[in-house]
There are 2 protein chains.
Amino acid sequence: MTAKIPRYLIVYNALKKQIEADQYQTGDRLPPEPELEKKYNVSRTTVRKAVELLAGEGFVHIKQGRGTEVLDFKTTQKLQYVTSFSETLRGQGFTVSQRVLSVETVKPPGKISEMLSVSESEMVVKISRLTLANEVPIAVMTNYLFWEMVPDIEEKAPTMQSLYQLLESEYNIFIDSATDYISAANSDRNTAGLLKVEEGTPILVVRRISYRGGEPIEFADLQIIAERYEYSVHTKERPPKELNF
Amino acid sequence: MTAKIPRYLIVYNALKKQIEADQYQTGDRLPPEPELEKKYNVSRTTVRKAVELLAGEGFVHIKQGRGTEVLDFKTTQKLQYVTSFSETLRGQGFTVSQRVLSVETVKPPGKISEMLSVSESEMVVKISRLTLANEVPIAVMTNYLFWEMVPDIEEKAPTMQSLYQLLESEYNIFIDSATDYISAANSDRNTAGLLKVEEGTPILVVRRISYRGGEPIEFADLQIIAERYEYSVHTKERPPKELNF
DNA sequence: AAGTGGTCTAGACCACGAA
DNA sequence: TCGTGGTCTAGACCACTTA
């Protein structure tokens, strides 16, 4: 059985492959839409959907009346998608390992129950981990999950390498969006001890709420050694203009 | 003369207005596409474009075979678009003021010329500002712009309230994407003095490169008092699946 | 004026989810 | 099975950019 692949994705991938293979110089234009229709034997709608996908990812810039310009994808490709902290580190070439410090079922602390909008009577699973990049401590991570969603996670958590991968493979939970709140602090004694740095070392604090279809799934608290990690985010475009009747 | 407004935007705004007016309970479904076609007397393509816009902004969640679910927009509306630091603060209800500390034309420091990919012989304009929220210092901001793009900005900068607004109104430069690199540090003596905090106070460091159509326009360095500001970002969806031929 | 992308239609068939 | 959204077509007209 062969997977059914939409034709717009085929066109999208063909064009993307050409761009990544440097078949266009930066500043060159993609063939106009009528040409792409003929070349791939699809309708205009399909061509446009493919090109709009590329534009959304920063590969090209579409301009009415002018054409579709190919951008320098090497400088434009940033992480604007949901990935876990450990996946990001791996993508940067580090060998990442996790040491699970504790797995407990607890009543949600006030702040957590508020952010996950869960009553304080519903139990949550709290997982604390030390993240090491190339064997060197880089962050202390604490995750809170709904106990009902992840039965038996206490047994699986100690050996996992990525929480998101575990959620996908074992519980069929696919995170599709997340909000990060980023601030900074000086490390307290406890955190500094775990990270093996001096008390007062600058810490990047990331609190993340993950969602699936608009429903909160997980709350995470990361305390990252600022000198060893940089958070990057790419944002694009302003919202569509409002109407003024 | 009346502005020509696309029909999909009319449908989009009508639906958005209904959602914001709480005409749907969280979890309710939007009318199915065929109904929306009749109601607004447009084709299916137009309905879909409107609904996809809403989904992209987190107002609804589209699921094949199930329907289009209305989400709680109050908790979903985050800043995933390009806005300036001062615009964000104003959006949070602060009265924001800027004190321009200096405006100079300089040769780009090595790091800047590298990040903006500009030769060190091309001059850049360096603007340093102190940002105050409700009259209290909150950040020191340094912007670097191509001198050729912003002639006479030395005269205009001292009175501006938002750099992005100045770029748009005076130079017709519209930023459409940006990448932020976020880290943390302890304030040094100079920064601490400007911000009127103790040396060593945690600082959130944001370095931003702004683009227009893939071309770098501006580099910014923000040193923000961590206790007074939280950076938030909403990310969504993973990239389309790759094809494996 | 010519060529590019932007909007829109009417209709078809497919794939997923719930009853 | 039925109703939902997902993909796709062929063709039309509009709006912007450039020459």
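Throughout, protein chains are lettered first and strands after them, A, B, ... in sequence-line order, and every chain is numbered starting at 1. Computed from a predicted model, the values in this text were never measured in an experiment.
Between B:Pro109 and B:Tyr144, the closest heavy-atom pair is CD-CE2, 4.1 Å. A:Lys126 and A:Val106 make their closest contact through CB-CG2, 4.1 Å (heavy atoms, listed as atom of the first residue, atom of the second, distance). Between A:Leu167 and A:Val150, the shortest heavy-atom distance links the atoms CD2-CG1, 3.8 Å. The shortest heavy-atom contact between A:Met149 and A:Pro216 is CE-O, 4.4 Å.
Put simply, A:Arg48 has no side-chain N or O that comes within less than 4.0 Å of OP1 or OP2 on C:dG5. Look at B:Thr68 and you won't find any side-chain N or O under 4.0 angstrom from OP1 or OP2 of D:dT4. Checking the phosphate oxygens (OP1, OP2) of C:dG11, no side-chain nitrogen or oxygen of B:Arg44 falls inside 4.0 Å. Note on B:Tyr8: a side-chain N or O is less than 4.0 Å away from OP1 or OP2 of C:dT7.
Both B:Pro32 and A:Gly65 lie near DNA chain D, and the one whose nearest nucleotide falls closer to the 5' end is B:Pro32.
Look at CD on A:Glu33: it is 5 Å from C1' on C:dG5, rounded to the nearest Å. Atom CD of B:Glu37 and atom C1' of D:dT4 are 13 Å apart (whole Å). If you take CG of B:Leu36 and C1' of C:dC8, they are 16 Å apart, rounded to a whole angstrom. In this structure, A:Ile5 places its CD1 atom 19 Å from P of D:dG6, rounding to the nearest Å. In this structure, NZ of B:Lys49 is placed 15 Å from P of D:dT7, rounded to the nearest angstrom. To the nearest angstrom, P of D:dC8 lies 15 Å from OH of A:Tyr40. Atom C1' of nucleotide D:dA15 and atom CD1 of A:Ile62 are separated by 16 Å, given to the nearest angstrom. Between A:Arg66 atom CZ and D:dA19 atom P there is a gap of 10 Å when expressed in whole angstrom units.
Residue B:Thr45 is in base contact, counting any heavy-atom pair closer than 4.0 Å across all strands shown. The residue A:Val42 sits close only to the backbone: its heavy atoms come under 4.0 Å of sugar-phosphate atoms, none of a base.
When distances run from any side-chain atom of A:Arg7 to the nucleotides D:dG6, D:dC8, C:dG5, the shortest one goes to D:dC8. For A:Gln64, the listed nucleotide lying nearest its side chain is D:dA15; candidates were D:dT17, D:dA15, C:dC13. Among the nucleotides C:dT9, D:dT9, C:dG6, the one closest to the side chain of A:Ser43 is D:dT9. Here the side chain of B:Pro6 is nearest to one of C:dC8, D:dG5, D:dT9, namely C:dC8. The side chain of A:Thr46 approaches D:dT9 more closely than any other nucleotide in the set D:dT4, D:dT9, C:dT9.
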Practice task
Start with the C-alpha distance between B:Glu33 and B:Arg48, add both sets of side-chain angles, then the distance that settles salt bridge (Lys or Arg N to Asp or Glu O under 4.0 Å), and finish with yes or no.
Solution key: CA-CA 7 Å; B:Glu33 290 170 359; B:Arg48 285 178 61 74; 3.0 Å; yes

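Under a 4.0 Å N-O distance rule, the pair B:Asp221/B:Arg207 does not qualify as a salt bridge.
Rounded to 10°, the helix from C:dA1-D:dT18 to C:dA18-D:dT1 has 20° between the axis fitted to its first five pairs and the one fitted to its last five.
Between B:Asn143 and B:Arg129, the side chains place a donor N or O and an acceptor N or O closer than 3.5 Å (distance only, hydrogens not considered).
Remark: the backbone N or O of B:Asn41 is paired with a side-chain donor or acceptor of B:Arg7 at under 3.5 angstrom.
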